[in-house]
Amino acid sequence: MIVRVSEAHLRDGVEDEFVERLVELVSSFPSRYPGMLRHNVLVDDGDARRVQYVSVWADEVALEGYAGREWRTSPVTFPEEERFLARPLELRHFVSVDIERV
């Protein structure tokens, strides 16, 4: 299982519009992308200008079906997203460790 985290650092005053647009765009993703197990939009409780889109994928094949061959290094963006951003998206991937086996 792979956890993909895209973090946006937003300009002042666009937080609500960005989150609304992001939620609208990603709401259909689980039905559109086989292998997407779950996803969330997270807004930092201390700084609403920091927003993460977290998606969990069954495997690399599923993630490549969503993000393309460059999934490890290229964030998926939406049209005109850059007008919301204070800096480029940050992208990270995590491998889930089964707690029961530790």
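- Residues meeting the side chain to side chain contact (heavy atoms under 4.5 Å, CB included) test with Leu89, sequence neighbours left out: Ala8, Pro75, Thr77, Glu81, Leu85.
- Residues forming a side chain to side chain contact (heavy atoms under 4.5 Å, CB included) with Asp12 (at least two apart in sequence, or on another chain): Glu15, Arg49.
- Using modelled atom types and a 3.5 Å distance limit, the side chains of His9 and Arg87 yield a donor-acceptor pair.
- Contact record, Ala48 with Val43: CA-CG1, 3.8 Å, taken as the closest heavy-atom pair.
- A 4.5 Å side-chain heavy-atom check between Phe84 and Arg11 finds every atom pair outside the cut-off.
- The side chain to side chain donor-acceptor pair (under 3.5 Å) analysis of residues 60-69, with sequence neighbours excluded, yields the pairs Glu60-Arg72.
- Partners of Ser28 under the side chain to side chain contact (heavy atoms under 4.5 Å, CB included) rule, at least two apart in sequence or in another chain, are Ser31, Arg32.
- Nearest heavy-atom pair across Val41 and Val23 is CG2-CG2, 4.1 Å.
- Criterion: ILVMFWY side-chain heavy atoms under 4.5 Å apart, direct or through other members. Under it, Tyr33 and Leu63 are part of a common hydrophobic cluster.
- Leu37 shares a hydrophobic cluster with Met1, Val3, Val5, Leu42, Val54, Val56, Phe94; the chain of contacts runs through ILVMFWY side chains whose heavy atoms sit under 4.5 Å apart.
- Of all non-hydrogen atoms in Ala62 and Gly35, the two that sit nearest each other are CB-CA, 3.6 Å.
- The side-chain heavy atoms of Asp59 and Ile2, taken from C-beta on, include no pair separated by under 4.5 Å.
- Partners of Pro30 under the side chain to side chain contact (heavy atoms under 4.5 Å, CB included) rule, at least two apart in sequence or in another chain, are Met36, His39.
- The backbone N or O of Glu24 lies less than 3.5 Å from a partner atom in the side chain of Ser27, making a donor-acceptor pair.
- Side chains of Phe29 and Tyr53 form a contact here, defined as non-hydrogen atoms less than 4.5 Å apart.
- Arg4 and Trp71 make their closest contact through NH1-O, 2.6 Å (heavy atoms, listed as atom of the first residue, atom of the second, distance).
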